[in-house]
Amino acid sequence: GAVVSQHPSRVICKSGTSVKIECRSLDFQATTMFWYRQFPKKSLMLMATSNEGSKATYEQGVEKDKFLINHASLTLSTLTVTSAHPEDSSFYICSGSLLSGGPETQYFGPGTRLLVL
Amino acid sequence: AQSVSQHNHHVILSEAASLELGCNYSYGGTVNLFWYVQYPGQHLQLLLKYFSGDPLVKGIKGFEAEFIKSKFSFNLRKPSVQWSDTAEYFCAVNAIPGGYNKLIFGAGTRLAVHP
């Protein structure tokens, strides 16, 4: 099946610093990549959708200047948490969507756990 | 706005018991429906999906789900659970109004199966 990787798997940073998380589709071209945030014991909340070569579309309530998303190629999308604060600590998950001519199915990465001190 | 509700947040079963997890969605148009599973410490994996056709879909590991359009439901079932089914289960809906397709997830149901 299609594989999505994320790097790093875990990151600890100081408050005020920026953190970049990479999401790669390893064996397919992801025309669309999605970024989610998973709170403890809660579901995934979609943060934004990015299409290769265009600006990301953010969900309501998600600060686009704080969560910068770049989708420079069909296999790589990055999420940068700028000026991170402790409330940004969370589990961030990306997924890649395979456009196969029919309804899409998303393939999820293993997630990145961010802890802001 | 589209939403997905999962009725049970926490389910505890003994091995060999039957399982049914409820999922209802709110969207009047065409939808794709999914059940994902997240085993402890692992990433989300697709259990099964419904796009069209037979409303009873079979997935991996003996799971199945039935799409009942009139009830806006897509309940997950397994006749006999195993300890290894202990995981969190998420129902998700993908509305198809055109444009990009995104998944709306339910809050999840945490299943614990005791030997």
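Proteins get letters first, then strands, A, B, ... in listed order; numbering begins at 1 in each.
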Euclidean distance, [Y] [atom2] relative to [X] [atom1], rounded to 0.5 Å:
{"X": "A/E59", "Y": "B/I104", "atom1": "CD", "atom2": "CD1", "result": "6.5 Å"}
{"X": "A/F108", "Y": "B/Q38", "atom1": "CZ", "atom2": "CD", "result": "9.5 Å"}
{"X": "A/C94", "Y": "B/H43", "atom1": "SG", "atom2": "NE2", "result": "11.0 Å"}

According to a hydrophobic-cluster definition based on side-chain heavy atoms being under 4.5 Å apart (Ile, Leu, Val, Met, Phe, Trp, Tyr only), do [X] and [Y] belong together?
{"X": "A/L76", "Y": "A/V4", "value": "no"}
{"X": "B/W35", "Y": "B/Y39", "value": "yes"}
{"X": "B/L48", "Y": "B/Y89", "value": "yes"}
{"X": "A/M45", "Y": "B/Y27", "value": "no"}
{"X": "A/M47", "Y": "A/V11", "value": "yes"}

Item to complete: Check each atom of B/Q42 against the heavy atoms of chain A and say whether the ones under 4.5 Å are side chain, backbone, both or neither.
Response: neither
Worksheet item: Considering only heavy atoms, which portion of B/L46 lies under 4.5 Å from any heavy atom of chain A: side chain, backbone, both, or neither?
Response: side chain
Response to the item:
Under 4.5 Å to a heavy atom of chain B? For A/Q38 that would be side chain
Item to complete: Tell me, yes or no, whether the heavy-atom count around A/H85 atom NE2, taken from other residues, nucleotides or ligands under 6.0 Å, exceeds 12.
Response: yes
Worksheet item: If you draw a 6.0 Å radius around NZ in A/K66, do more than 12 non-hydrogen atoms from other residues or ligands fall strictly inside?
Response: yes
Fill in: Which atom of A/S43 lies closest to which atom of B/F105, heavy atoms considered
OG-CB, 3.0 Å
Response to the item:
Here the pair of heavy atoms bringing A/Y36 nearest to B/L103 is OH-CB, 3.7 Å
Practice prompt. Report the option among B/G41, B/A107, B/G108, B/S52 that has the most heavy-atom pairs separated by less than 4.5 Å from atoms of chain A.
Written response: B/A107
Practice prompt. Decide yes or no for A/Q106 and B/Y36: does some side-chain heavy atom of the first lie under 4.5 Å from some side-chain heavy atom of the second?
Written response: yes
